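All of these numbers come straight from a predicted model, not from anything done at the bench. First listed ligand is number 1; within each ligand, the first listed atom is number 1.
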Amino acid sequence: MKKRKKAVTILLLIMVLLQGCSQKPEVQDTVKQIEESKGQGKEIETTGQYAVKDMIIEETTNKTEVVVMAAEVESKTESITEPEEVKDTVAIKTTEEAETTAEGMVTIIGESKKLNVPSITGALHVEGTKLMGSNGEEVQLRGISTHGIAWFPDYINEECFRQLRNEWNVNVVRLALYTAEYNGYCTGGDREYLKNLIRNGVNYAKEQDMYVIVDWHILSDSNPNIYLNEAKEFFQEISAEYADSSHIIYEICNEPNGGTTWQDIKSYAKEVIGVIRANDEDAVILVGTPNWSQYVDQAAADPITEYNNLMYTLHFYAATHTDDLRNKMVSAIESGLPIFVSEYGICDASGSGAINEEQANLWVEQMDNYGISYVAWNMSNKNETSAIIQNWCNKTNNFSLEELSAAGQWLYKTLTKN
Ligand code: IDC
């Protein structure tokens with residue numbers, strides 16, 4: 001996937017190096033082990049051999065910056081070009097730049113978006129409008145949703161999740177369980193089979209150190225109360241099984257629509273949340289909003305007050321929804337509503353049509369400004385614009401850049417950009 005010439009870890013390497021490094025700098029070969037650098041995710045590239053002189057790690061909420069001061073080893077013999085003293089570091093972002101700007105002295109700056117992953121941020125909770133980790137840090141989740149798991153079950157595999165986590169910086173996967181479509185959970189689908197897919201997804205996410213959203217994907221059944229009993233049974237069973245897991249998030253109604261009012265949703269939500277809370281006191285629960293999860297203003301005016309750790313969903317498709325919906329999101333969050341964008345696309349609301357990258361980027365910018373989490377639709381090779389895998393590609397993991405659709409390539413770039 002990486003286009004870069006050589007990817008080399010710095011974090012682990014340097015930590016190891018420093019421990020073994022007394023006064024005298026030691027020569028080290030370049031090493032490839034970035035994938036293991038827990039939570040820090042981003043590769044830093046270099047080539048050749050370096051004698052590490054010093055390093056600084058600066059951590060801010062969203063970023064880990066590693067500055068390595070090292071003298072490049074000129075040859076395989078003992079001669080090391082060692083500067084008398086370490087100069088001020090220059091803020092340069094790539095090793096290519098480092099190589100061309102430094103003479104004898106190499107400064108490598110690796111910037112990485114610090115991933116909020118379960119091993120670091122633990123069980124999540126909601127404070128005001130923010131999603132928070134158990135370490136008191138604000139958490140932003142960014143990831144991808146499956147398509148309907150009944151139709152595209154094969155993407156739920158551990159290797160696929162591993163790639164998303166390690167190469168795409170994904171820290172949340174959403175598992176979309178359609179309730180009412182063909183083979184839907186409430187309309188003839190094999191419930192045991194579907195629940196097992198959910199279990200597999202939840203388990204793979206845990207193994208790969210990601211959060212996971214279990215999404216009760218209502219859509220053509222526009223009012224969640226239609227299958228209220230099924231929802232209660234389903235969430236009762238799953239939340240009992242995962243009561244002790246800190247990486248699971250429940251999304252109880254994807255997109256209420258049609259004539260479904262906020263009062264209908266509230267009444268449904270209170271019942272289903274009650275069922276989940278009986279098993280799991282504090283898992284984060286996402287509640288859909290009217291009109292395909294767009295009327296967050298209605299939720300903001302009258303939020304659910306009986307329970308904690310709730311967030312309200314807003315969904316957008318960038319070629320259809322622009323300033324108006326974005327402003328609605330901003331007003332709602334500014335009025336105190338915790339918002340989670342549990343589904344979005346960069347094409348139109350049908351899931352197909354043309355991509356609007358300009359609008360997509362404006363959405364991303366605004367969500368990043370507010371630390372809002374966002375999850376892209378969808379992980380499949382279906383012949384539609386929102387599918388992130390090319391229609392001709394039948395692989396279900398280890399994707400190369402060329403095997404991604406235009407939407408997939410945009411997503412990969414967006415998630416891996418610093
Ligand atoms: C779409 C799928 C499409 C499928 C259709 C109906 O992309 O392949 O045929 O559902 O099942 C949503 C929904 C989401 C939609 C998506 C695109 O949450 O289920 O998926 N969309 O239409 N809301 C707005 C757009």
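Considering both main-chain and side-chain atoms, His147 comes within under 3.5 Å of ligand 1 through a nitrogen or oxygen pair. Considering both main-chain and side-chain atoms, Trp292 never comes within under 3.5 Å of ligand 1 through any nitrogen or oxygen pair. Considering backbone and side-chain N/O atoms, Trp151 never comes within less than 3.5 Å of an N/O atom of ligand 1. Note: no N/O pair closer than 3.5 Å links His315 and ligand 1 by distance alone.
Neither the backbone nor the side chain of Ala176 has a heavy atom within less than 4.0 Å of ligand 1.
At least one heavy atom of Glu343 sits less than 4.0 Å from an atom of ligand 1. Judged by the shortest distance from any of its heavy atoms, Tyr182 lies outside the 4.0 Å radius around the atoms of ligand 1. Under a 4.0 Å heavy-atom criterion, Tyr317 is in contact with ligand 1.
Glu403 places a side-chain N or O within donor-acceptor distance of the main-chain N or O of Ser400, the cut-off being under 3.5 Å.
A salt bridge is absent between Glu365 and Arg326: the closest approach of a Lys/Arg side-chain nitrogen to an acidic carboxylate oxygen does not fall below 4.0 angstrom.
Checked against the 6.0 Å centroid criterion, the rings of Tyr295 and Trp262 do not qualify as a close aromatic pair. Ring to ring, Tyr317 and Trp377 are not that close: their centroids are 6.0 angstrom or more apart.
Interatomic distance, CD1 of Ile388 versus CD of Gln409, reported as 10.5 Å (0.5 Å rounding). To the nearest 0.5 Å, atoms CG (Asp348) and OG (Ser386) are separated by 9.0 Å.
With respect to atom 5 (C) of ligand 1, the closest heavy atom belonging to the protein is Tyr178 OH, 4.0 Å.
Residues meeting the side chain to side chain contact (heavy atoms under 4.5 Å, CB included) test with Lys130, sequence neighbours left out: Met132, Glu138.
Here is the list of ligand 1 atoms found below 4.0 Å of a heavy atom in Lys382: 3 (C), 4 (C), 8 (O), 9 (O).
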